[in-house]
Engineer: 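Pasting in a structure now, in structure tokens, and then I'll have a few things to ask.
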There are 2 protein chains.
Amino acid sequence: MIGRADRLRVHYSLRLARGESAPAKANGIAREQTVEIAPGIVTARRERRTIGRVARVEREGTGRARAAIDYPWRELVSDLPQLLNLLFGNVSMQRGIRVEAIDWPGELLARFPGPRHGVAGVRELLGVRDRPLLAAVLKPIGLSPAELARHAADCALAGIDLLKDDHSLSDQPAAPFRERILAVAELVRRAERRSGARTLYLPNLSGPVDRLAERLEDLREAGIEGAFVAPWIVGLDTMRSLAQSSGLVLLAHPAWSGTLFAPAHGLAPGLVFGDLLRLAGADLVNFPAAGGRFAFGPRDERAVVDRLGARLGAHRASFPMLAGGIDRAKIVRLLPRHGVDTVYLVGGSLYRGGRTLATAAALAECVRSGRPRPD
Amino acid sequence: MIGRADRLRVHYSLRLARGESAPAKANGIAREQTVEIAPGIVTARRERRTIGRVARVEREGTGRARAAIDYPWRELVSDLPQLLNLLFGNVSMQRGIRVEAIDWPGELLARFPGPRHGVAGVRELLGVRDRPLLAAVLKPIGLSPAELARHAADCALAGIDLLKDDHSLSDQPAAPFRERILAVAELVRRAERRSGARTLYLPNLSGPVDRLAERLEDLREAGIEGAFVAPWIVGLDTMRSLAQSSGLVLLAHPAWSGTLFAPAHGLAPGLVFGDLLRLAGADLVNFPAAGGRFAFGPRDERAVVDRLGARLGAHRASFPMLAGGIDRAKIVRLLPRHGVDTVYLVGGSLYRGGRTLATAAALAECVRSGRPRPD
């Protein structure tokens, strides 16, 4: 038996092919993800310390089952890439396996950085208590640094709390990285002086990994205190490393994450956007609100918000940032559904009709009031 | 119109929801992956330089379509993370979109490193021409460095060309990274002196990104000339960076890659294991052979082998490394199916019955003969 502190329990939903047995499938996972060798090749004594053990299997109607497997994490999980490998490395290439949730041993949780700032730290930085936050996307790709900076200034003057680059902006000819962030930071600073409020600018660091150090230097030079990456593109461990060493407020962007959410195969959104991004150090987690143009339902939305605020060792809570087709009407519907520790991210709708300042100001008023009337 | 050299053409298969129109879906992708803003918010003139353009849409029976979209890559693709973002960033979170193939502009191809060694370079390093290669996995996790090194020596003495760490081995207590690779490299070197042939050892570099430099130093100290990463865990750009600067022979491991292959959503295996890994600099690409315990069919297998050898700018061909339940019987079946520029990777079956040296020698003989008889 593995002691409680030594075991990592992973909960799965299984979809069974015709003739496939649930216990056999669960045992297959426990073996595939650890020793990855057929039974009887090495001795049971050899395997005992490292192999996963099926703790529970239950059929759930035709062709479905639930299973829980205990893994001896000390022998397996040396680092975050190996945690991902254990969760879904080889079994990703099989079918009908969904990782639903994890029971985390405290000592393992303590090995990951978690959010450096989290909800409390971001609030302190912004000087904002007791209300949801409003965030905006600088876009679209194709604008010059000066044009993006003017949008940024409008947003900052209107009282928007967080401003992020569009995730398509990296280092393209129309708005090269360094030029863009210097221009935006300068106009945001001026706007902050006028408004008296903070607006945190989060540039896109999802560029070449070997230019990250140079771009962090650019951020320092520009006096920028936050940034974002798309961890499912640049690697979750790159985010972990940034959280551990950069001191920045970090936002995780969901690009590429939809690869993890096939209907009966993958990982649960609450685990991906909740536990994993939080452990890797995301202070803010951008993910699709239910009912938008992305395949995300109300239960997914609820699960992510819950997991970002739930107890997770001694780690701080992270801000859920609801995104994807957010406009005033949608904010009005979402506000009563979630607590104050929520961020609403407005993208394209902000630029409709060329009245960015007025639109942003109305949105800011809406979020501040907490109980807005519909339009 | 975008000129031919300026456009990146992406081919999609679409699955349409009830009432969804193929042209609307294609136009949605072209917009989502570029300006990501609803029509009419910024002027058409503004959008023209950066938005994707649907070049073709064809219905294919009920609920299916094919589409091709041209993207102005110079304005969009500043780096490899942005290429991934363009291919499947936000649309990953939608449904029924599969990226099938890409028509690459030559100038874009030239921006990526491609394989430093490739088929030709690996052959030169090994001193092996005109036959397939045989590779073996050092496993299972739980063994000590000395035990793994003894397996490695058996493999090298038996004439195995390439030896890789099991992908679950990183830096666990039973076999810490540095201790393991020093022990294995030493016994492989001794075995090479006895056998007179080269055996290239590829340790697992899929660990913390901020320890990569230190581990590369360990490799240099041990005189090791190759390594592997799981690019879909540590990030494809981490592999690209290694290919560009480390000088190592690089193998890509498929852990986590199954997230990309949902039945009607994701990216085609030929694109993932072929074009993308090759452009990012994989000299060898490990992927599941058809008909094993992974959900991979003969057409997938064929497509990967083809794309790794096809013309792709001036880039070298990469070695396909067929894996997943490979034993002598399977090698016998696979040999006539593929050309000589193929690697067969043997895992667990090598350790059956504790006769690793004899089993490996028989496998090596089988691959060398080129026309083996069944057992």
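Quick note on labels: first sequence line is chain A, next is B, and so on, each numbered from 1.
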Engineer: Any chance the side chains of B:Ser170 and A:Asp79 put a donor and an acceptor closer than 3.5 Å?
Structural biologist: yes
Engineer: Please rank A:Pro176, A:Gly207, A:Pro208 by heavy-atom pairs under 4.5 Å with chain B and give me the top one.
Structural biologist: A:Pro208
Engineer: Which heavy atom in B:Gln94 sits nearest to a heavy atom in A:Arg293, and how many Å separate them?
Structural biologist: NE2-O, 3.3 Å
Engineer: Heavy-atom pairs under 4.5 Å with chain A are the metric here; pick the option from B:Ala262, B:Pro231, B:Ser206 that has the most.
Structural biologist: B:Ser206
Engineer: If you measure from OG on A:Ser241 to CG on B:Leu212, what distance do you get to the nearest 0.5 Å?
Structural biologist: 10.5 Å
Engineer: Go through the structure and list residues passing salt bridge (charged side-chain N to carboxylate O under 4.0 Å, His left out) with A:Arg215, not counting sequence neighbours.
Structural biologist: A:Asp171
Engineer: Can you tell if the side chain of B:Asn90 reaches within under 4.5 Å of the side chain of A:His253, non-hydrogen atoms only?
Structural biologist: yes
Engineer: Which one of B:Val137, B:Ile233, B:Val234 has the most heavy-atom pairs closer than 4.5 Å to chain A?
Structural biologist: B:Ile233
Engineer: When heavy-atom pairs shorter than 4.5 Å are enumerated against chain B, which of A:Ser78, A:Gly235, A:Ala38, A:Gly348 gives the highest number?
Structural biologist: A:Ser78
Engineer: Is B:Asn85 close to A:His167 at the side-chain level, that is, under 4.5 Å between some pair of heavy atoms?
Structural biologist: yes
Engineer: For the CD1 atom of B:Ile141 and the CD1 atom of A:Ile37, what is their distance to the nearest 0.5 Å?
Structural biologist: 12.0 Å
Engineer: Which answer fits B:Glu47, side chain, backbone, both or neither, if we ask what part of it has an atom under 4.5 Å from a heavy atom of chain A?
Structural biologist: neither
Engineer: What part of B:Leu267 lies closer than 4.5 angstrom to a heavy atom of chain A: side chain, backbone, both or neither?
Structural biologist: side chain
Engineer: As an exercise: rank B:Gln82, B:Arg95, B:Arg49, B:Gln244 by heavy-atom pairs under 4.5 Å with chain A and give me the winner.
Structural biologist: B:Gln82
Engineer: Examine whether an atom of B:Leu84 lies under 4.5 Å from a heavy atom of chain A, and if so say whether it belongs to the side chain, the backbone or both; otherwise answer neither.
Structural biologist: both
Engineer: Counting heavy-atom pairs under 4.5 Å with chain A, which one of B:Val209, B:Val42, B:Val91 comes out on top?
Structural biologist: B:Val209
Engineer: Using side-chain heavy atoms (C-beta onward) and a distance below 4.5 Å, is B:Thr50 in contact with A:Pro140?
Structural biologist: no
Engineer: Sort and list the pairs that fulfil salt bridge (Lys or Arg N to Asp or Glu O under 4.0 Å) and have at least one residue in residues 228-241 of chain B, not counting sequence neighbours.
Structural biologist: A:Asp210-B:Arg240, B:Asp237-B:Arg240
Engineer: For the residue pair B:Arg46 and A:Leu143, establish whether any side-chain heavy-atom pair is separated by less than 4.5 Å.
Structural biologist: yes
Engineer: Would you confirm whether B:Glu75, through its side chain, and A:Gln172, through its main-chain N or O, come within 3.5 Å as a donor-acceptor pair?
Structural biologist: no
Engineer: Looking at A:Ser245, A:Pro81, A:Pro254, A:Ser92, which one has more heavy-atom pairs under 4.5 Å with chain B than the rest?
Structural biologist: A:Ser92
Engineer: Could you tell me whether a side-chain N or O of B:Lys139 sits under 3.5 Å from a main-chain N or O of A:Glu36, the two making a donor and an acceptor?
Structural biologist: yes
Engineer: Under a 4.5 Å cut-off applied to non-hydrogen side-chain atoms, are A:Trp256 and B:Leu260 in contact?
Structural biologist: yes
Engineer: Quick check: do B:Phe261 and A:His265 have side-chain heavy atoms less than 4.5 Å from each other?
Structural biologist: no
